[in-house]
Chemist: 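Could you have a look at this structure, given as structure tokens, before my questions?
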Amino acid sequence: MAAQTTARTSDQEPEAKPPAPPRDGSIAPWVFYPSAVVILLFVLYAVIGQDTAAEQVQKVQDEIVGNLSWFYMALVSLFVIFVIWIGIGRYGDIKLGKDHEKPEFSTLSWFAMLFAAGMGIGLVFWGVAEPLNFFHAPRPGIGEGAADREQFAMVQTFLHWGIHPWAIYVVVGLAVAYSVHRKGRPVSIRWALEPILGNRVNGVLGNVIDSVAVIGTLFGVATSLGFGVMQVASGMNFLGWVDDPNSKLLLVVLISCITGIATVSVVTGIGKGIKWLSNINMGVAALIMLFVLIAGPTVFLLNGLAQDVGGYLQNVLQLSFDTGAAHGKEGTSWVNGWTVFYWGWWISWAPFVGIFIARISRGRTVRQFVCGVLLVPTLLTFVWFAIFGGTGVFQQMNDKHDYVHDGAISTNNALFEMLDTLPGGKFVAGVSILLIVLFFVTSSDSGSYVVDMLASGGDPNPPVWSRVFWALAEGAVAIALLLASDLGAGAASLNTLKTAAIVIALPFSIVMIGMCIATLKSFHQERQAYLRAKEQKQQEELIDQTVAALEDSLENGTLSDAVESSSKSTTKGVEK
């Protein structure tokens with residue numbers, strides 16, 4: 001199936017006609033303005049009616065998580081099965097682009113960009129804190145022994161950050177990449193659903209789908225930006241650079257600086273600013289990870305990596321469907337608060353990350369896309385958590401350092417506490433703050449770029465002014481919610497926005513089911529067209545061979561023998 005064909009058959013639905021490419025400086029008004037208005041109204045709601053908004057949005061979230069945890073657990077696991085089957089099956093040779101098109105970016109830059117956009121900042125934020133949280137307060141049913149809690153902490157972390165979130169991103173990214181690069185459609189969610197929605201993608205339904213993607217992406221990025229600068233401020237306070245990590249002036253300055261750098265990056269485009277920053281991020285992260293591996297308990301970390309990967313592979317199927325029901329309300333509450341929350345959070349980020357990795361994956365085959373996006377970041381993630389989280393858990397287990405303060409793990413400070421225990425850790429902690437800032441810049445500029453493509457009718461090179469608008473909007477939303485929050489009480493308005501992003505994940509999960517169906521339908525039609533074209537080519541070759549044999553026979557005077565031979569060949573070809 002090396003040479004695919006996109007020939008349509010008569011039994012296929014008529015394709016929707018894509019809109020004309022937007023003119024320079026234009027937008028898609030029925031996506032841009034409704035999205036901007038909804039975002040503005042919700043931010044005002046979260047700021048002015050802070051307590052009421054937080055209570056009502058949380059209530060909706062609790063209803064979703066409490067009643068539909070089984071749905072999320074089953075759905076995300078089925079996404080994993082679906083993308084693996086697509087990647088290793090007969091559709092793997094389909095090219096996400098023209099048949100002989102080369103990849104737009106080098107493999108290293110491709111990995112760096114998809115990793116930085118999809119996981120980078122989360123790994124820095126949770127690399128030490130999440131395994132420590134699970135070690136300190138494991139799921140009900142885990143043994144009391146330190147060894148049991150240590151392995152559980154690492155395997156559960158691997159579950160949350162392994163193939164499951166990347167499978168979610170693959171579902172969206174693959175559908176969009178095929179639509180954009182193979183079929184020549186605009187860069188948006190709606191066109192990935194064209195095989196099942198037909199011409200309706202051009203109407204109200206398509207506008208609603210893209211608007212939901214815009215709102216969810218901006219909410220997710222703005223929330224991460226707000227909470228991220230709180231971690232940066234905590235690190236600066238831990239190192240003695242500032243006195244008050246909850247200073248609103250400090251947080252506003254940090255958001256403004258990150259937003260300014262992100263705006264410059266998004267204006268320069270994917271091929272320059274975003275690619276360069278992603279490569280720098282990967283280089284700095286690799287150096288810090290190597291430092292922790294060498295300066296930390298090296299042998300324990302390497303042994304732990306091998307053991308924990310084995311534990312993950314042994315238990316991943318059972319954990320994928322474990323709702324905690326066997327341990328009653330306490331068990332389901334734990335799973336809902338961590339695993340189900342993560343699945344909702346990854347789904348809420350899927351439009352952003354999926355579209356971005358689709359945009360940078362032109363020229364790759366389906367198999368390359370699935371294997372690259374699903375496996376490589378997962379392996380890097382396992383190594384990262386094994387080194388950073390493993391170091392923290394080792395120190396806690398062996399009384400080298402106590403990370404528990406007031407009965408809980410300090411998530412914002414865990415990374416800096418761990419680095420401070422290592423030789424030269426103060427300096428590395430300072431470099432880590434720079435890494436966090438750069439990862440946030442990468443997430444912000446990538447998110448702005450995706451939002452702008454959606455709000456510009458799927459234009460892969462949206463107008464500069466709207467790139468600036470959405471980049472500044474993300475920073476402005478984060479600033480507004482931080483200023484409205486009582487930071488000592490946990491940034492209530494930001495939590496409201498974060499919860500709202502998770503709520504948006506429910507309707508988008510239905511869209512993702514549609515994407516799976518649309519992708520499967522498109523790939524089946526393409527393969528059928530390929531097989532028909534292959535059969536026709538074989539028949540033409542057989543006819544050419546027969547005609548050539550007859551012509552040779554006429555010249556050599558052996559026509560009767562040639563006719564008999566030709567008849568036998570034709571009969572065998574038909575039987576075959």
Side-chain angles (χ1 to χ4, degrees), residues 115-116 119-136 146-147 149-151 153-154 157-158 161 228-243 245 254 279-309 379-406 408-440:
F115 189 76
M119 289 289 177
I121 188 55
L123 296 185
V124 179
F125 189 88
W126 287 105
V128 179
E130 184 162 332
L132 280 171
N133 271 286
F134 295 158
F135 180 80
H136 173 64
R149 290 186 291 129
E150 184 276 336
Q151 182 151 19
M154 299 308 301
T157 302
F158 285 3
W161 296 82
V229 296
M230 294 174 68
Q231 187 195 26
V232 171
S234 295
M236 296 172 71
N237 174 254
F238 185 83
L239 295 173
W241 296 356
V242 298
D243 295 327
L254 288 173
N279 289 335
I280 293 171
N281 285 343
M282 289 294 289
V284 175
L287 290 175
I288 295 177
M289 185 170 64
L290 185 62
F291 164 78
V292 175
L293 175 63
I294 295 172
T298 308
V299 175
F300 173 85
L301 298 180
L302 295 176
N303 285 333
L305 174 62
Q307 175 179 298
D308 296 333
V309 169
L379 293 175
L380 292 176
T381 297
F382 287 176
V383 173
W384 181 276
F385 275 109
I387 293 174
F388 283 83
T391 300
V393 171
F394 173 85
Q395 293 173 339
Q396 187 72 32
M397 284 174 59
N398 294 280
D399 299 323
K400 302 290 186 182
H401 183 80
D402 188 7
Y403 289 89
V404 181
H405 306 290
D406 298 324
I409 302 295
S410 174
T411 300
N412 282 344
N413 281 335
L415 171 66
F416 306 109
E417 285 187 54
M418 185 274 288
L419 292 174
D420 191 47
T421 65
L422 304 178
K426 290 280 188 184
F427 171 76
V428 180
V431 177
S432 297
I433 291 177
L434 174 63
L435 178 64
I436 293 170
V437 171
L438 289 177
F439 267 128
F440 271 117

Chemist: Show the nearest heavy-atom pair for residues L435 and N281, with the distance to one decimal.
Modeler: CD1-O, 3.7 Å
Chemist: Within this structure, what is the CG-CG distance for the pair L123 and L380, rounded to the nearest 0.5 Å?
Modeler: 9.0 Å
Chemist: Quick one, S432 and I288 - any side-chain contact, counting heavy atoms below 4.5 Å?
Modeler: yes
Chemist: If I take atom CZ from residue F125 and atom CG from residue N412, how far apart are they, to the nearest 0.5 angstrom?
Modeler: 4.5 Å
Chemist: Should V284 and L434 count as side-chain neighbours, where that means a heavy-atom distance under 4.5 Å?
Modeler: no
Chemist: Please table the atom pairs, donor to acceptor, closer than 3.5 Å between any side-chain atom in residues 127-134 and protein atoms at least two apart or in another chain.
Modeler:
from, atom 1, to, atom 2, distance (Å)
E130, OE1, W161, NE1, 2.9
E130, OE1, Y342, OH, 2.4
E130, OE2, H160, ND1, 3.0
N133, ND2, A129, O, 2.8

Chemist: For Q396 and V404: C-alpha separation, side-chain torsions, deciding distance, then whether side-chain contact (heavy atoms from CB on, under 4.5 Å) applies.
Modeler: CA-CA 9 Å; Q396 187 72 32; V404 181; 3.9 Å; yes
Chemist: Are any of the side-chain heavy atoms of V431 and F291 separated by less than 4.5 Å?
Modeler: no
Chemist: Between D308 and E150, is the side-chain contact (heavy atoms from CB on, under 4.5 Å) condition met? List the steps.
Modeler: CA-CA 9 Å; D308 296 333; E150 184 276 336; 3.8 Å; yes
Chemist: Residues in ring-ring contact (aromatic ring centres under 6.0 Å, His included) with F394, at least two apart?
Modeler: F300
Chemist: Sequence neighbours left out, what passes salt bridge (charged side-chain N to carboxylate O under 4.0 Å, His left out) with K400? Give chain and number order.
Modeler: none
Chemist: Let me confirm one number: the CG-CE distance from L287 to M282, rounded to the nearest 0.5 Å.
Modeler: 11.5 Å
Chemist: Which atom pair, heavy atoms only, marks the closest approach of V437 to V232?
Modeler: CG2-CG2, 4.3 Å
Chemist: Are any of the side-chain heavy atoms of L293 and M289 separated by less than 4.5 Å?
Modeler: no
Chemist: Who are the ring-ring contact (aromatic ring centres under 6.0 Å, His included) partners of H136, not counting sequence neighbours?
Modeler: none
Chemist: Does F158 have any ring-ring contact (aromatic ring centres under 6.0 Å, His included) partners at least two apart in sequence or in another chain, and if so, which?
Modeler: F382
Chemist: For residues V124 and F388, determine if any side-chain heavy atom of one lies less than 4.5 Å from a side-chain heavy atom of the other.
Modeler: no
Chemist: Where is the tightest heavy-atom contact between A233 and V242, given as atom of each residue plus distance?
Modeler: O-CG2, 4.0 Å
Chemist: Minimum heavy-atom separation for P423 and A295, please, with both atom names.
Modeler: CD-CB, 4.2 Å
Chemist: Hey, what do you get for OG1 (T157) to CH2 (W384), rounding to the nearest 0.5 Å?
Modeler: 14.5 Å
Chemist: First locate atom OG1 of T381, then atom CH2 of W126, and finally report the distance between them rounded to the nearest 0.5 Å.
Modeler: 15.5 Å
Chemist: What pairs of residues pass the salt bridge (Lys or Arg N to Asp or Glu O under 4.0 Å) test when at least one of them lies in residues 415-438, not counting sequence neighbours?
Modeler: D420-K426
Chemist: Give the minimum heavy-atom separation between F135 and A153, together with the two atoms involved.
Modeler: N-CB, 3.7 Å
Chemist: Does any non-hydrogen side-chain atom of N303 lie less than 4.5 Å from one of Q307?
Modeler: no
Chemist: If you define the side chain from C-beta out and look only at heavy atoms, does anything of H405 sit under 4.5 Å from N413?
Modeler: no
Chemist: Quick check for you: to the nearest 0.5 Å, what is the distance between I387 atom CD1 and I294 atom CD1?
Modeler: 9.5 Å
Chemist: More than 12 foreign heavy atoms under 6.0 Å from CG of D402: is that the case here?
Modeler: yes
Chemist: At their closest point, which heavy atom of A429 faces which heavy atom of L239, and how far apart are they?
Modeler: CB-CD2, 3.8 Å
